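Predicted model only: the values in this text are computed from it and were never measured. All values below come from the heavy atoms of this structure, side chains included, with hydrogens, waters and symmetry mates left out. Numbering of ligands and ligand atoms starts at 1, following listing order.
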Amino acid sequence: MMDWTDSPCRVLHRALTRHALLYTEMVTAQAVLHGDRARLLSFDACEHPVALQLGGSDAPSLAAAARIAQDFGYDEIDLNVGCPSDRVQSGRFGACLMREPVLVGDCVAAMRAAVSIPVTVKCRIGVDDQDPEQSLRALIDACAVAGVRVFAVHARKAWLEGLSPKENRDVPPLDYELVYRVKRERPHLAILVNGGIESLEQAQVHLRHVDGVMLGRAAYQNPMLLAQVDARFFGGAPVDVDAAVEVYAEYVARQLAQGGRLHPLVKPMLGLYSGQPGARLFRRHLSEHAMRDGAGIGVLREALNFVQRRDAA
Ligand SMILES: Cc1cc2nc3c(=O)[nH]c(=O)nc-3n(C[C@H](O)[C@H](O)[C@H](O)COP(=O)(O)O)c2cc1C
């Protein structure tokens, strides 16, 4: 997610779940080809398994960008067919590609030919006046013919005319049933459902119908729920939140020692402890002090004192 799932955010999320697949922010193929690659693509070794999400609609550029991403060590390349922003539409990628399934099929075919890691697609169910019953199937089938096996479906249309990107994440109604039907008709494909899933209980219900669940906002608004994911869905050990936060605090200290600034490093922590005693003080302390020049690990330690169990100290 743009402006959220940067490398520090993923390191925190990985401390909370060993098994969930993590995704980068969307990076355009052109940025990968012509931009500051090290800044755009570097990630911490602990983040695996991690997918790079690419945006674009020029097959050769996407193929070249996918190859570069594979060389960087990503585990999967995901193509964005869901982002509704104007900037994205003018560049002819994101959600508006729901109207061009053949082009998207060509893109993923070129990407698959360029890499040995999985190429996946994140899409909407349609845009504007499209009939989602038709547009979702057309998009998925065009990509499946090209060999894509995994689709994450944000189960609502994007209205490119008249709604802001923010409104497009909440206003068009969710249609989970359509996603379930498409899965039933195509049992050989892995279909992940996304959109409006706020708890692991809800995720569990979806998993009766589809192969996976993708969490968006819940993952950063309430990262603690990730601590339940391994035990609940992957047969893994329960994760101790304080221990995970300590792992992340040590990462923060290392990043600071290498010249990093505190504020972007604590941003992914702001949703931690939400609803728990001390959470507001924790957030306020970080918001007020982490921006200051030279803010160090002490600011984080002080903030944690508001929320961590006293007997754990
Ligand atoms: C701040 C923000 C940034 C997002 N950036 C991306 C992105 O880069 N790529 C993408 O596929 N979806 C992006 N999305 C959409 C989410 O992945 C997700 O599809 C959407 O928020 C619905 O899921 P949710 O209700 O679980 O949040 C973004 C959403 C938000 C709120």
Side chain to side chain donor-acceptor pair (under 3.5 Å) between Arg99 and Gln130, intermediate numbers included: CA-CA 8 Å; Arg99 291 206 188 92; Gln130 281 187 313; 5.7 Å; no
Residue pair Tyr180, His206: steps toward the side chain to side chain donor-acceptor pair (under 3.5 Å) verdict: CA-CA 9 Å; Tyr180 299 166; His206 288 294; 2.8 Å; yes
Side chain to side chain donor-acceptor pair (under 3.5 Å) between Gln53 and Thr24, worked out: CA-CA 6 Å; Gln53 189 185 60; Thr24 66; over 6 Å; no
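Minimum interatomic distance between Gly195 and His154 (heavy atoms only, all atoms of both residues): CA-CD2, 3.8 Å.
Between Arg232 and Glu201 there is a salt bridge, since a side-chain N of the basic residue sits under 4.0 Å from a carboxylate O of the acidic one. Using a cut-off of 4.0 Å between Lys/Arg side-chain N and Asp/Glu carboxylate O, Glu47 and Arg14 are scored as not salt-bridged.
At the top of the distance list for atom 29 (C) of ligand 1, counting protein heavy atoms only, stands Arg169 NE, 3.1 Å. In this structure, atom 14 (N) of ligand 1 lies nearest to the protein heavy atom Met1 CG, 3.9 Å. In this structure, atom 26 (O) of ligand 1 lies nearest to the protein heavy atom Gly216 N, 2.9 Å. Counting only heavy atoms of the protein, atom 7 (C) of ligand 1 lies nearest to Gln53 OE1, 3.6 Å.
Heavy atoms of Gly195 come nearer than 4.0 angstrom to ligand 1 in at least one pair. The shell of residues lying under 4.0 angstrom from ligand 1, judged by heavy atoms, includes Asn194.
If you look at Arg217 next to ligand 1, the close heavy atoms, those under 4.0 Å, come from the backbone and the side chain alike. Residue-level proximity to ligand 1 for Met26 is carried by backbone and side chain together, each with a heavy atom below 4.0 angstrom. Under 4.0 angstrom from ligand 1, there are no non-hydrogen atoms of Tyr23.
Of the N or O atoms in Met2, one or more lie within a sub-3.5 Å distance of an N or O in ligand 1. Geometrically, ligand 1 and Tyr220 share no nitrogen or oxygen pair separated by less than 3.5 Å. For a threshold of 3.5 Å applied to N or O pairs, the pair formed by Trp4 and ligand 1 contains no separation below that value.
With sequence neighbours left out, the side-chain hydrogen bond (donor to acceptor under 3.5 Å, both in side chains) criterion links Arg292 to His289. Remark: His263 engages no residue in a ring pair (Phe, Tyr, Trp, His ring centres under 6.0 Å) (not counting sequence neighbours).
When Glu198, Lys122, Glu25, Met214 are checked for heavy-atom proximity to atom 17 (O) of ligand 1, Lys122 turns out nearest. Closest to atom 25 (O) of ligand 1 by heavy atom, among Gly94, Ala219, Gly196, is Gly196.
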